[in-house]
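In what follows, chains carry the letters A, B, and so on, assigned in the order in which the sequence lines appear, proteins first and then strands, with residues in each chain numbered from 1.
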Number of protein chains: 2
Amino acid sequence: MSELSVQEPAASERIAAILRDEILSGKISPGQRILQEEVAERLGSSRLPVREAIRILDADGLVDVEANKGARVPHLDINQVEVLYRMRERLEPLALIESMPALTEADFERLDEIQVRIEAGVDVQAFLELDREFHLLTYSHCPTEQLRDSVTRLWNSTSHYRRAFMEITGARRMWIVNAEHRLLLEALARQDSQDAERYLVGHIQRTRKELSQHPEIFTH
Amino acid sequence: MSELSVQEPAASERIAAILRDEILSGKISPGQRILQEEVAERLGSSRLPVREAIRILDADGLVDVEANKGARVPHLDINQVEVLYRMRERLEPLALIESMPALTEADFERLDEIQVRIEAGVDVQAFLELDREFHLLTYSHCPTEQLRDSVTRLWNSTSHYRRAFMEITGARRMWIVNAEHRLLLEALARQDSQDAERYLVGHIQRTRKELSQHPEIFTH
DNA sequence: TCGCTTGTATTTGGATCCATAATTTAGTGC
DNA sequence: GCACTAAATTATGGATCCAAATACAAGCGA
């Protein structure tokens, strides 16, 4: 049987993927409401798969759903984002330790490629996407799905504030990030979980502390 | 307007609450499939709110949804549950620290009442429910919703294995748990976050280690 | 007997229509 | 002009019907 379409995803998941991308890329901002009918018409489906897509996004931590009042991208304050970073500091090392032994040669090649591209100089949007792919790729072999999902949710919830932060601090910060990524990559390559964990925690901690010095990001 | 019904919840949330209870109480076991039509007929609704309810349970970490294949309660292996406990060890202290300062007199009375009831001797099911309420109540004032939700998901995902464990170890273990709860309560009462965190981590760690000595729980 | 294929039954996914709740707008009284 | 009320609009929630995919079972062949 030469069926080419490799398992067409359900419409609800396709729509969820589109909306997810629009939220992560900033086309939809915190506080903004998501209207079922508007999305349905725009993507050429009925409202029903959109409703399911919204529930999927809810599970992703990308929208808040309130009964009879619809879905909107949540607006977080500085304290909440700080706690999300503290959660990252505690969960991501666990995910990394679990995933590290299973990293393949192809993974390392991709990680290197990402890093080369960032260092070659990219705009904020590209940096955010590559940085996300970099870290999530290092966790991708963690055998506990709940842990991977929890980490992904944390990245989702903080995406808008990471962008706002990068737009303020700009290229200056990328230098530090690049150095930290390189240290982390080397530790991973020599299977040194101690060092890898140390660099990762430091990386997240530093970001949290710098972020907390920019409360203007959270004034809406 | 003397409307008594204090904001009737949507049917999908009502159904989700019922199914959540059935999963947590063990009426629906890991591996078991959830049929939309069966639930709809049983609860007297159409399949549509059941579909939404299943998505809500997915966000709660109580079911796995696969496109065109429906929802089933996930079956975890011993390694995954161990990692879930390690996640608890890292996240719950954070939630506790954030919540502790806001605990009220009423909360302490309720915590004490729960503890008295457990110590008076209860069956496994009642113990599980009271123990869950005890811990989640100590986190209830954590201002970061994502953290509260993450912790709740961890309790949800491990509920079946906690029950299986308690059914094996029985009343013997409750003694230790009671002692640990008392120590934790006292630390909370005197606002000693250092001690509270220490007791909580020890409590979860001990449970994880004992659990990992009963691999027979996970043979299905 | 075992494996494969094909047909049937079951179950999930999506569209349309209707009901209900929330929001906005227009109107009225002060 | 402002506050409150009521009606109209808008958006979400639910029921029913139909389509598509999966799972199951019987029959066929080796």
Which distance, rounded to the nearest 0.5 Å, do you find between the [atom1] of [X] and the [atom2] of [Y]?
X        : Y        : atom1 : atom2 : result
B:Thr152 : B:Leu62  : OG1   : CG    : 10.5 Å
B:Leu103 : B:Tyr139 : CG    : OH    : 11.0 Å
A:Arg72  : A:Glu66  : CZ    : CD    : 8.5 Å

Value in whole Å for how far the [atom2] atom of [N] lies from [atom1] of [X]:
X       : N      : atom1 : atom2 : result
B:Leu35 : D:dT22 : CG    : P     : 16 Å
B:Gln36 : D:dT16 : CD    : P     : 15 Å
A:Ile34 : D:dT12 : CD1   : P     : 10 Å
A:Ile15 : C:dG14 : CD1   : C1'   : 10 Å
B:Glu66 : D:dT22 : CD    : P     : 10 Å

**Axis deviation across the helix from C:dT1-D:dA30 to C:dC30-D:dG1, five-pair ends, to the nearest 10°** =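 One end axis against the other gives 10°.
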**Set of side chain to side chain contact (heavy atoms under 4.5 Å, CB included) partners for B:Thr207, sequence neighbours left out** =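 Once residues adjacent in sequence are excluded, the partners of B:Thr207 under the side chain to side chain contact (heavy atoms under 4.5 Å, CB included) criterion are B:Tyr85, B:Phe165, B:Arg173.
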**Prompt:** What are the two closest heavy atoms between A:Ile54 and A:Val63, and how far apart are they?
**Reply:**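 Closest heavy-atom pair between A:Ile54 and A:Val63: O-CG2, 3.6 Å.
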**Prompt:** Do you know the tightest heavy-atom contact between A:Cys142 and A:Leu147?
**Reply:**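 Scanning both residues, the minimum pair turns out to be SG-CD2, 3.7 Å.
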Among the nucleotides [options], which one has an atom lying closest to any side-chain atom of [X]?
X       : options                : answer
B:Arg33 : C:dA22, C:dT11, D:dG14 : C:dT11
A:Asn68 : C:dA21, D:dT22, C:dT11 : C:dA21
B:Ser12 : C:dG13, D:dA23, D:dG14 : D:dG14

**Prompt:** For A:Glu38, does the CD atom have more than 12 heavy-atom neighbours from other residues, nucleotides or ligands under 6.0 Å away?
**Reply:**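 Correct, the count exceeds 12.
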**Asked** If you measure from the Lys or Arg side-chain nitrogens to the Asp or Glu carboxylate oxygens, is any gap between A:Arg153 and B:Asp149 under 4.0 Å?
**Response**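 No, this pair does not count.
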**Prompt:** Sequence neighbours excluded, which residues qualify as salt bridge (charged side-chain N to carboxylate O under 4.0 Å, His left out) partners of A:Arg110?
**Reply:**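 Testing A:Arg110 for salt bridge (charged side-chain N to carboxylate O under 4.0 Å, His left out), a comparison that skips the adjacent residues, returns A:Glu113, A:Glu133.
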**Prompt:** Which parts of residues 38-56 of chain A get close to DNA chain D, meaning a heavy atom less than 4.0 angstrom away?
**Reply:**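 Close to the strand are A:Arg47, A:Arg51.
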**Message:** On the nucleotide C:dT11, are OP1 or OP2 found under 4.0 Å from the side-chain N or O atoms that B:Lys69 carries?
**Reply:**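 Answer no for this pair, as no side-chain N or O of B:Lys69 is under 4.0 Å from OP1 or OP2.
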**Message:** Do B:Ile56 and A:Arg55 have side chains that approach each other closer than 4.5 Å (heavy atoms only, starting at C-beta)?
**Reply:**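 Of all side-chain heavy-atom pairs linking A:Arg55 with B:Ile56, at least one is under 4.5 Å.
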**Message:** If the condition is side-chain hydrogen bond (donor to acceptor under 3.5 Å, both in side chains), which residues does A:Gln36 pass it with, not counting sequence neighbours?
**Reply:**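 A:Gln36 satisfies side-chain hydrogen bond (donor to acceptor under 3.5 Å, both in side chains) with A:Arg47 only.
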Scan nucleotides 6-9 of chain D against the protein and return all N/O pairs shorter than 3.5 Å with their distances rounded to 0.1 Å.
none

